[in-house]
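Only one structure is covered here, and it is reproduced in the block below.
Since this is a predicted model, take the numbers as computed values, not measurements.
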Amino acid sequence: MSKAKLRKELQTMTHPQLVDVVMAAYDSSPKAKQYFEFFLNPDVTKLYDAALATVEKEIRRSSRGYCKARISFIRAEIRGFAAFGVPADDVARLMISTLRMLLANYQNYYYTDALTKGTLRLAADYMRYCAENDMLGTGAAKMRETLDTTAPKYFRRAIEERLAEENFPQNIFQNL
């Protein structure tokens, strides 16, 4: 059902019917319950901690020396966090924290090509998100700190190359 059809149907409902629909959604879906709880009591810190714990649990999935994290799941968790309408700096903080965990985990496990490419894409997405939300200076500083303290040499070079491919200036990390 499209949003337009849903809106049209909701407009024809009476107040008690709307209450019943909302209560049914609350009872039937954990995501809907989480949304309504955030709607009633907007605690960004609690929501951030829950999203970070979910991402951390996913990154820790491993078997026989291979990281079994699903980058699509991680990206969906970040999108879901942003969908709550939280401030842009909190979304950026979740993105850079996720990137730090992925880079730190790389030193202990083998990564599939898909996870490696997804990690590089996440780094580029983080910088693009910071640029779109007028946080490029702080975003670049946090990325430089992450690359200097957490990233193995391979990832440091690969991230810098990926950012150059994304048309970020090559000297973006200079003078920080």
Task: Those residues that, when tested against Ser97, pass side-chain hydrogen bond (donor to acceptor under 3.5 Å, both in side chains) (two or more places apart) - done: Tyr48
TODO: Please name the pair of heavy atoms, one in Ala69 and one in Leu115, separated by the smallest distance, quoted to 0.1 Å.
DONE: O-CD1, 4.0 Å
Task: Sequence neighbours excluded - salt bridge (Lys or Arg N to Asp or Glu O under 4.0 Å) pairs with any residue from residues 29-44 - done: none
- [ ] Indicate yes or no: does Arg156 engage Glu160 in a salt bridge with an N to O separation below 4.0 Å.
- [x] no
Task: Minimal non-hydrogen separation, Val86 against Phe81, with atom names - done: CG2-CE2, 3.5 Å
- [ ] Write down the atom of Arg162, the atom of Lys117, and the distance for their closest heavy-atom approach.
- [x] NH1-O, 4.3 Å
Task: NZ/NE/NH1/NH2 to OD/OE distance under 4.0 Å, Arg144 and Asp148 - done: yes
Open item on the list: Quick one, Thr150 and Leu99 - any side-chain contact, counting heavy atoms below 4.5 Å?
Closed with: no
- [ ] State plainly whether one hydrophobic cluster holds both Met23 and Leu40, where clusters connect Ile, Leu, Val, Met, Phe, Trp and Tyr through side-chain heavy atoms under 4.5 angstrom apart.
- [x] no
Task: With sequence neighbours excluded, residues passing side chain to side chain contact (heavy atoms under 4.5 Å, CB included) with Ser63 - done: Lys68
TODO: Enter the distance from Leu147:CG to Arg157:CZ here, rounded to the nearest 0.5 Å.
DONE: 12.5 Å
Name the atoms and distances for all side-chain donor-acceptor pairs under 3.5 Å in residues 133-141, with sequence neighbours left out.
from   : atom 1 : to     : atom 2 : distance (Å)
Asn133 : ND2    : Tyr129 : O      : 2.9
Thr138 : OG1    : Met135 : O      : 3.1

Task: Residues forming a ring-ring contact (aromatic ring centres under 6.0 Å, His included) with Tyr66, sequence neighbours excluded - done: Tyr110
Open item on the list: I need the Glu77 CD to Thr54 OG1 distance, nearest 0.5 Å.
Closed with: 4.5 Å
Open item on the list: Suppose the criterion is side-chain hydrogen bond (donor to acceptor under 3.5 Å, both in side chains): which pairs have a residue in residues 10-19, not counting sequence neighbours?
Closed with: Thr14-Gln17
Open item on the list: Check this for me: Phe36, atom CZ, are more than 12 non-hydrogen atoms of other residues, nucleotides or ligands nearer than 6.0 Å?
Closed with: yes
Open item on the list: Looking at every non-hydrogen atom in both residues, tell me the closest pair between Ala124 and Leu163 and how far apart they are.
Closed with: CA-CD2, 3.8 Å
Open item on the list: I'd like to know if the side chain of Tyr111 and the backbone of Leu102 have a donor-acceptor N/O pair within less than 3.5 Å.
Closed with: yes
Open item on the list: Are Arg75 and Asp125 packed together at the side-chain level, in the sense that at least one heavy-atom pair is separated by less than 4.5 angstrom?
Closed with: yes
- [ ] Looking only at non-hydrogen atoms, find the nearest pair between Cys67 and Asn105 and report the distance.
- [x] SG-ND2, 3.4 Å
TODO: With sequence neighbours left out, write down each residue that passes side-chain hydrogen bond (donor to acceptor under 3.5 Å, both in side chains) with Arg100, or none if nothing qualifies.
DONE: Thr146
TODO: Measure from the side-chain N and O atoms of Ser29 to the backbone N and O of Ala32, and report whether any donor-acceptor pair falls under 3.5 Å.
DONE: yes
Open item on the list: Could you measure the distance from the CG atom of Leu94 to the CG atom of Leu52? Nearest 0.5 Å is fine.
Closed with: 6.5 Å
Task: Contact list for residues 85-98, test salt bridge (Lys or Arg N to Asp or Glu O under 4.0 Å), sequence neighbours left out - done: Asp90-Arg93
Task: Residue pairs fulfilling salt bridge (Lys or Arg N to Asp or Glu O under 4.0 Å) with at least one residue in residues 14-29, sequence neighbours excluded - done: none
- [ ] Go through the structure and list residues passing ring-ring contact (aromatic ring centres under 6.0 Å, His included) with Phe38, not counting sequence neighbours.
- [x] Phe84
TODO: With sequence neighbours excluded, give me every salt bridge (Lys or Arg N to Asp or Glu O under 4.0 Å) pair touching residues 47-67.
DONE: Glu56-Arg60, Glu58-Arg61, Glu58-Arg70
Task: Interatomic distance, Thr98 atom OG1 to Ile78 atom CD1 [nearest 0.5 angstrom] - done: 4.0 Å
Task: CG on Asn41 to NZ on Lys46, rounded to 0.5 Å - done: 7.0 Å
Open item on the list: Once rounded to the nearest 0.5 Å, what's the spacing between atom CD1 of Ile74 and atom CG of Leu122?
Closed with: 8.0 Å
Task: Any side-chain heavy-atom pair of Met127 and Met143 under 4.5 Å - done: yes
Task: Test ring-ring contact (aromatic ring centres under 6.0 Å, His included) applied to Phe155 - qualifying residues, sequence neighbours left out - done: Tyr106
Open item on the list: Quick check on the hydrophobic clustering: are Val19 and Phe39 connected, directly or via other members, by side-chain heavy-atom contacts under 4.5 Å?
Closed with: no
TODO: Identify whether Ile59 and Phe73 are in the same connected component of the hydrophobic contact network (ILVMFWY, side-chain heavy atoms under 4.5 Å).
DONE: no
